[in-house]
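All values reported here derive from a predicted model rather than from experimental measurement. Nothing fancy with the numbering, it's 1 onward along the sequence. Atoms within each ligand, like the ligands themselves, are counted from 1 in listed order.
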Amino acid sequence: MGRALEGRVAVVTGGASGIGRATAERFAQEGADVVVGDIAPADETVALVEKAGRSALYVRTDTTDEQQCDALVAAAVERFGRVDVGVASAGVASAAGRSNVQNRAAGEQSTHLVNLDAEAFGRVLDINVTGVMLTDRALARQMLAQGTGGSIVNIASSAAKIPLAGAAPYCVSKAGVFMLTKVLALELAATGVRVNAVGPGYTATPMIAGIEDDATALGMAMSITPMNRLGRPEEIAASCLFLASDESSFTTGQLLLPAGGQFTG
Ligand SMILES: NC(=O)c1ccc[n+]([C@@H]2O[C@H](COP(=O)([O-])OP(=O)(O)OC[C@H]3O[C@@H](n4cnc5c(N)ncnc54)[C@H](O)[C@@H]3O)[C@@H](O)[C@H]2O)c1
């Protein structure tokens with residue numbers, strides 16, 4: 001059997017780090033050329049894609065800026081001629097950048113809604129929801145123009161389904177990504193462009209850096225994770241691969257939850 005993404009062109013936002021980087025690497029191993037959009041430099045990701053024998057292009061992109069999202073897709077088309085797959089992984093845990101589980105474990109009430117300022121709330125929604133919307137729109141327009149279908153994968157979170165005290169902006173944003181995925185999937189269902197989401201559980205990336213050394217925070221995370229371990233970014237990338245590839249050709253508008261057994265109850 002050939003590789004799952006042989007000869008395809010993928011755009012990955014948030015591809016400089018964590019889940020986005022692991023996804024870019026896996027896609028390259030499966031035969032795709034990869035365009036990485038991120039506000040941070042992505043030299044390491046570019047090197048991983050090239051090591052896998054495929055071509056990579058980094059385009060500095062702030063996904064909250066619609067022109068930059070459009071330019072990201074335009075750069076992919078200019079370099080590789082088309083876009084077949086898009087993964088929207090750019091995201092933040094909180095406006096302050098600190099992980100939600102560590103805030104909660106520290107017993108801090110500062111991120112509870114009654115203490116939250118509107119700006120901090122809006123900033124997370126801007127990056128996690130509007131950024132995904134702008135990314136998806138640019139991808140979908142290109143895929144529709146090509147007329148040969150495509151697959152868009154949005155990175156939501158298991159927090160799309162679980163209310164976590166102290167994490168209102170994040171939970172609301174990820175529920176928003178889930179619903180955005182469903183609406184866009186519905187609108188595009190007859191066009192051959194599929195849109196799905198991946199909702200990871202706690203995954204060892206820079207977003208939750210330090211959690212392994214924070215017994216209280218790790219304990220809170222593991223208390224809702226029956227497998228009793230953090231996920232690896234490669235395990236989330238595998239879910240992205242399934243949804244990006246033809247293996248999921250009859251699947252659209254779905255949230256796949258690689259989350260270590262969350263939601264078994
Ligand atoms: N790590 C987890 O436990 C976990 C769990 C569930 C969901 N997620 C989601 O997975 C996605 C990837 O997170 P990660 O864990 O790999 O974290 P990460 O911090 O390692 O990677 C996030 C990347 O997004 C980029 N980014 C942030 N804001 C951006 C913007 N405005 N424009 C462009 N790029 C931007 C960052 O520069 C970074 O490279 C996020 O959407 C996150 O919410 C992570």
Side-chain angles (χ1 to χ4, degrees), residues 11-26 35-46 58-69 71-72 86-102 122-136 138 153-162 164 167 169-178 180-181 197-212 217-218 220-222 224-225 229-237 239-240 255-260 262:
V11 172
V12 181
T13 72
S17 177
I19 290 165
R21 177 194 291 166
T23 300
E25 181 183 21
R26 182 68 199 275
V35 180
V36 178
D38 203 299
I39 34 168
D43 302 1
E44 207 171 314
T45 307
V46 167
Y58 166 68
V59 183
R60 192 193 176 282
T61 310
D62 180 342
T63 55
T64 64
D65 181 314
E66 65 181 319
Q67 271 147 17
Q68 292 187 35
C69 287
L72 170 65
V87 177
S89 188
V92 292
S94 65
R98 196 169 174 210
S99 106
N100 288 301
V101 69
Q102 284 155 311
R123 180 75 188 137
V124 175
L125 290 188
D126 199 26
I127 297 170
N128 289 5
V129 182
T130 306
V132 172
M133 175 270 173
L134 294 172
T135 302
D136 284 7
V153 181
N154 294 325
I155 307 301
S157 167
S158 59
K161 294 270 194 183
I162 321 172
L164 299 165
Y170 191 72
C171 293
V172 170
S173 75
K174 293 304 184 177
V177 170
F178 182 32
L180 180 79
T181 300
V198 170
Y202 295 101
T203 306
T205 73
M207 184 172 277
I208 58 168
I211 193 174
E212 279 154 300
L218 189 61
M220 280 177 78
M222 292 305 98
I224 57 165
T225 308
R229 67 172 177 85
L230 298 176
R232 290 179 286 110
E234 298 75 25
E235 294 177 298
I236 313 307
S239 292
C240 293
L255 175 65
L256 181 59
L257 293 155
Q262 289 182 21

For this session: Run the salt-bridge test on Glu234 and Arg26 with the 4.0 Å N-O cut-off and return the result as yes or no.
Result: no

Exercise. Under a 4.5 Å cut-off applied to non-hydrogen side-chain atoms, are Thr45 and Tyr58 in contact?
Worked result: no

Problem set entry | Gap separating the CD atom of Gln102 from the CE atom of Met220, nearest 0.5 angstrom | 11.0 Å

For this session: Would you mind reporting whether Thr13 and Val87 have side-chain heavy atoms less than 4.5 Å apart?
Result: no

Seminar exercise, completed: atom 41 (O) of ligand 1 sits nearest the protein heavy atom Lys174 NZ, 2.8 Å

Exercise. At what distance is the nearest protein heavy atom to atom 37 (O) of ligand 1, and which residue and atom is it?
Worked result: Asp38 OD1, 2.6 Å

Problem set entry | Protein contact of atom 33 (C) of ligand 1 - nearest heavy atom, named by residue and atom, plus distance | Thr61 O, 3.1 Å

Exercise. If we only count N/O pairs under 3.5 Å, is Ser89 in contact with ligand 1?
Worked result: yes

For this session: Check whether any side-chain heavy atom of Leu230 lies under 4.5 Å from a side-chain heavy atom of Ile208, and answer yes or no.
Result: yes

Exercise. For ligand 1, which atoms sit closer than 4.0 Å to a heavy atom of Gly18?
Worked result: 16 (O), 20 (O)

For this session: For Gly37 and ligand 1, answer yes if some heavy atom of the residue is under 4.0 Å from a ligand atom, otherwise no.
Result: no

For this session: Run the numbers for me: atoms of ligand 1, each under 4.0 Å from some heavy atom of Pro206, listed by number.
Result: 20 (O)

Problem set entry | Sub-4.0 Å atoms of ligand 1 with respect to non-hydrogen atoms of Ser157 | 6 (C), 7 (C)

For this session: Examine ligand 1 and decide if any of its atoms is less than 4.0 Å from a heavy atom belonging to Ala156.
Result: yes

Exercise. Rounded to the nearest 0.5 Å, what separation is found between the CG atom of Asp62 and the CG atom of Leu134?
Worked result: 10.0 Å

Seminar exercise, completed: Here the gap from Leu164 atom CG to Ile224 atom CD1, rounded to the nearest 0.5 Å, amounts to 6.0 Å

For this session: Would you mind listing which atoms of ligand 1 come within a distance below 4.0 Å of any non-hydrogen atom of Ala40?
Result: 37 (O)

Problem set entry | Distance-only N or O hit between ligand 1 and Tyr202, under 3.5 Å | no

For this session: Rounded to the nearest 0.5 Å, what's the gap from OG1 on Thr63 to CG on Asp38? Could you check?
Result: 8.5 Å

For this session: Could you tell me the residue and atom name of the protein heavy atom closest to atom 31 (N) of ligand 1, and the distance to it rounded to 0.1 Å?
Result: Asp62 OD1, 3.1 Å

Exercise. For ligand 1, is there an atom lying under 4.0 Å from some heavy atom of Arg21?
Worked result: no

Exercise. Atom 5 (C) of ligand 1: which protein heavy atom is closest, and how many Å away?
Worked result: Gly201 O, 3.3 Å

Seminar exercise, completed: Closest heavy-atom approach to atom 27 (C) of ligand 1 among Gly91, Gly20, Gly14 is made by Gly91

Problem set entry | Heavy-atom side-chain proximity of Thr203 to Arg232 below 4.5 angstrom | no

Exercise. Does a side-chain heavy-atom distance below 4.5 Å link Val198 with Pro258?
Worked result: yes

Seminar exercise, completed: Distance col, row Thr61:OG1 vs Leu72:CG, nearest 0.5 angstrom, shows 4.0 Å

Exercise. Based purely on interatomic distance, does Ile19 place a nitrogen or oxygen under 3.5 Å from a nitrogen or oxygen of ligand 1?
Worked result: yes

Exercise. How far is atom 3 (O) of ligand 1 from its nearest protein heavy atom, and which residue and atom name does that atom have?
Worked result: Thr203 N, 2.9 Å

For this session: Considering heavy atoms of the protein only, find what lies nearest to atom 10 (O) of ligand 1 and give residue, atom and distance to 0.1 Å.
Result: Ile155 CG2, 3.2 Å

Exercise. Does a donor on one side chain and an acceptor on the other come within less than 3.5 Å for Ser158 and Gln262?
Worked result: yes

For this session: Identify, for atom 14 (P) of ligand 1, the protein heavy atom at the shortest distance, and state residue, atom and that distance.
Result: Thr205 OG1, 3.5 Å

Problem set entry | Polar proximity ligand 1 side, Ser17 side, N/O cut 3.5 Å exclusive | yes

Exercise. Once you round to the nearest 0.5 Å, how far does CG of Asn154 lie from CG of Asp136?
Worked result: 4.0 Å

Exercise. For ligand 1, is there an N or O atom under 3.5 Å from any N or O atom of Asn128?
Worked result: no

